[in-house]
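Reviewing the structure listed below.
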Amino acid sequence: MSKIVIDTDTSRATPTPLPGKRMTVPKIAAMKRGPGIAMEPLVMLTAYTMRQAQLLDPHCDMLLVGDSLGNVIYGLDSTVPVTLDMMINHGAAVVRGSWNAQVTVDMPFGSYEESKEVAFRNASRILKETGASAVKLEGGEAMAETIQFLTSRGIPVIGHVGLTPQAINVLGGYRARGKDDAEAEKIMRDAKAVDDAGAFCIVIEGVMEEIASTVTKAVSAPTIGIGASRDCDGQVLVTEDMLGLFERVPRFVKRYHDLAGEMTDAVTRYAAEVRSRSFPTEDQSYRPTK
Ligand code: KIV
């Protein structure tokens, strides 16, 4: 009988570079030396899988396991149905695939709003079971006490103000926020509350440019914008959006690639070759060694 040898060097689970020293939460917080002081822009992208993390990690300061995975990976209409187990499974995969960037995992809707104690229980599960070093949660003034409770007990938190997608059923849509004075003032109060509560970064989503600029100058924590202009201390995008995996993207997204087009082309060629029996060839076939 001939022996078949499996080449274990090609294992997809083996990270290519050896684990090094990861970016830490204190290092990120220290990059901004106070309100109004400009800093080196922070680069953040979303990641949901091990291989995606491996490819993004060398280029990013921070990876966010966003609950946008509900829409992007699971085809859900909103982030509301996303569960803690989904976030933990994807969070652990992203930590396994990264060695350089700080990793933050989103707390899904329903896992932190009820009380600060419930938030602690679920956030500590996220850190224990994924290896990530921080969580992100949505909301401003209403979440300040919870953020203070978590940060003072060893759980670094990123705040998220402006357009908060988990509140879709209250907001009624995903339009940019802060078009009138009342909304603008509310966003400002939310950002200040989250900052004072000890969030080490603040995501500002879908707001008028002037608000992002005012907030960034007023808070001590670095701000990370998404649809919030260049005036933030850093930027984040959903990776699949910037890579062009979807034809339709929000106005604030720049498509750096046409992944949907490239995939369609590759799959079209594969299907044609299978149907014409021109794939696989000898090159892709196992033969007994003599
Ligand atoms: O879930 C997510 O991906 C996010 C970013 C868009 C900031 O919260």
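Each ligand, and each atom within it, is numbered from 1 in the order the structure gives. Sequential numbering from 1 along the given sequence is applied to the chain's residues. Only a predicted model underlies this, so the values are computations on that prediction, with no experimental measurement involved.
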Distance filter under 4.0 Å to [X] heavy atoms, resulting ligand 1 atoms:
X: Ile226; answer: 6 (C)
X: His160; answer: 8 (O)
X: Asp106; answer: 1 (O), 2 (C), 8 (O)
X: Thr46; answer: 3 (O)
X: Gly66; answer: 1 (O), 2 (C), 3 (O)

Single hit among Thr239, Val238, Leu63, Leu64 for side chain to side chain contact (heavy atoms under 4.5 Å, CB included) with Tyr48: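 Output: one option passes, namely Val238.
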Has ligand 1 got any nitrogen or oxygen that is less than 3.5 angstrom from a nitrogen or oxygen of [X]?
X: Asp67; result: yes
X: Lys136; result: yes
X: Ser68; result: yes

So, for [X] and [Y], which heavy atoms are closest and what is the spacing to 0.1 Å?
X: Val215; Y: Ala191; value: CG1-CB, 3.5 Å
X: Ala134; Y: Val25; value: CB-CG2, 4.3 Å
X: Val103; Y: Ala132; value: O-CB, 3.5 Å

Taking atom 5 (C) of ligand 1 as the reference point, the nearest protein heavy atom with its distance: Leu64 CD2, 3.7 Å
Is [Y] paired with [X] through a side-chain N to carboxylate O contact shorter than 4.0 Å?
X: Arg125; Y: Asp85; value: yes
X: Glu141; Y: Lys192; value: no
X: Glu183; Y: Arg175; value: yes

Within reach of ligand 1, part of Leu69 (heavy-atom separation under 4.0 Å):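 Neither part.
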